[in-house]
Amino acid sequence: KNQVEQSPQSLIILEGKNCTLQCNYTVSPFSNLRWYKQDTGRGPVSLTIMTFSENTKSNGRYTATLDADTKQSSLHITASQLSDSASYICVVTGESWGKLQFGAGTQVVVTP
Amino acid sequence: GAGVSQSPSNKVTEKGKDVELRCDPISGHTALYWYRQSLGQGLEFLIYFQGNSAPDKSGLPSDRFSAERTGGSVSTLTIQRTQQEDSAVYLCASSLFTGGAYEQYFGPGTRLTVT
């Protein structure tokens with residue numbers, strides 16, 4: 001069973017609107033949680049990274065939240081742009097040396 | 001500066017053939033990772049190198065898969081006697097150090113198709 005579950009699997013939003021992606025994990029012990037953006041045909045690119053002591057982190061129009069008690073994270077995209085169309089992947093590190101547990105991703109499509 | 005590069009970008013091979021995939025990490029990065037991404041699936045860890053330590057091969061799916069890292073830099077992932085289920089995008093990543101919150105930088109991947 002995947003230890004990192006993401007929802008929704010996909011969503012379509014209108015340009016300019018906001019959206020929120022969810023990530024639930026069971027990885028334990030927990031080291032940090034990252035959100036990556038993966039454009040089609042490209043490798044993932046890091047958006048945010050949070051340790052267990054952080055509960056929010058922003059990167060431009062992207063804001064990630066973390067509740068380490070409930071093992072939940074969200075990624076909020078504000079004022080979406082066409083270039084935000086991509087797969088957003090939640091990644092949890094449970095072991096100290098950096099082995100990553102990947103969610104299956106949420107495919108976001110922003111339409112004009 | 002240059003990021004992680006991988007070659008080839010696409011590889012089509014016949015079932016049963018061997019393939020080699022190459023990864024050039026960011027200069028100075030001591031840690032190098034290989035992942036596999038199948039269609040609609042999350043990334044799957046394959047193998048990890050850290051400096052001169054023995055690699056962590058715990059993610060390799062079978063003994064047909066192997067990887068080397070020469071001189072602490074370039075890495076080659078070899079798949080012997082390829083099967084159709086090996087078709088996937090193979091991603092390489094490197095990081096300055098391991099552990100904690102050190103960032104992993106990903107290459108563009110090699111798309112492998114086994115016919």
Side-chain angles (χ1 to χ4, degrees), chain A residues 1-10 21 23-27 29-54 57 59 64 66 68 73 86-107, chain B residues 2-10 21 23-26 29-51 53-60 88-112:
Chain A
K1 186 184 187 316
N2 196 353
Q3 298 184 66
V4 181
E5 300 284 348
Q6 292 188 242
S7 62
Q9 224 174 6
S10 62
L21 316 179
C23 174
N24 296 339
Y25 63 93
T26 58
V27 177
F30 168 80
S31 176
N32 58 71
L33 185 146
R34 311 163 192 234
W35 282 93
Y36 280 88
K37 178 187 179 188
Q38 186 175 22
D39 293 310
T40 302
R42 300 284 195 94
V45 175
S46 178
L47 294 175
T48 64
I49 181 167
M50 291 180 290
T51 63
F52 67 90
S53 61
E54 298 175 288
K57 184 75 69 81
N59 178 358
L66 172 65
S73 176
S87 177
Y88 292 83
I89 305 171
C90 176
V91 185
V92 179
T93 304
E95 299 176 36
S96 61
W97 61 259
K99 188 173 179 179
L100 308 182
Q101 300 278 357
F102 290 82
T106 293
Q107 187 68 43
Chain B
V4 177
S5 60
Q6 293 185 244
S7 61
S9 55
N10 281 284
L21 313 180
C23 172
D24 284 85
I26 293 173
H29 280 192
T30 62
L32 186 148
Y33 310 78
W34 282 99
Y35 298 92
R36 178 168 71 174
Q37 187 173 34
S38 302
L39 189 63
Q41 303 294 316
L43 275 76
E44 173 190 5
F45 165 76
L46 296 178
I47 187 171
Y48 147 75
F49 296 90
Q50 168 54 41
S53 303
D56 181 334
K57 305 178 183 180
S58 59
L60 295 179
V89 176
Y90 290 81
L91 289 160
C92 173
S94 71
S95 66
L96 190 57
F97 297 111
T98 62
Y102 289 109
E103 191 57 72
Q104 291 193 15
Y105 296 87
F106 285 82
T110 293
R111 180 174 298 278
L112 175 65

Relative to chain B, which segment of A:Q9 carries a heavy atom at a distance below 4.5 Å: side chain, backbone, both, or neither?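 Neither part.
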
Option that, when pairs with chain B are counted at under 4.5 Å, heavy atom only, ranks first among A:G41, A:P44, A:S87: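 Sorted descending by pairs with chain B, the first entry is A:P44.
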
Per the salt bridge (Lys or Arg N to Asp or Glu O under 4.0 Å) rule, what does the pair list look like for residues 31-44 of chain B, sequence neighbours excluded?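 Pairs touching residues 31-44 of chain B that pass the test: B:R36-B:E44.
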
Please tell me if the side chains of A:T93 and B:Q104 come closer than 4.5 Å, counting only heavy atoms from C-beta onward.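 Result no, sub-4.5 Å side-chain heavy-atom pair not found.
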
Would you mind checking which part of B:Q37 comes under 4.5 Å of any heavy atom in chain A, side chain (CB onward), backbone (N, CA, C, O), both or neither?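 For B:Q37, the side chain is the part near chain A, not the backbone.
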
Where does B:L91 contact chain A at under 4.5 Å (heavy atoms): side chain, backbone, both or neither?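 Only the side chain of B:L91 comes within 4.5 Å of chain A.
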
List in chain and number order the residues that pass ring pair (Phe, Tyr, Trp, His ring centres under 6.0 Å) with B:Y90, two or more places apart in sequence or in another chain; answer none if no residue qualifies.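 With neighbours one apart ignored, the set is empty.
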
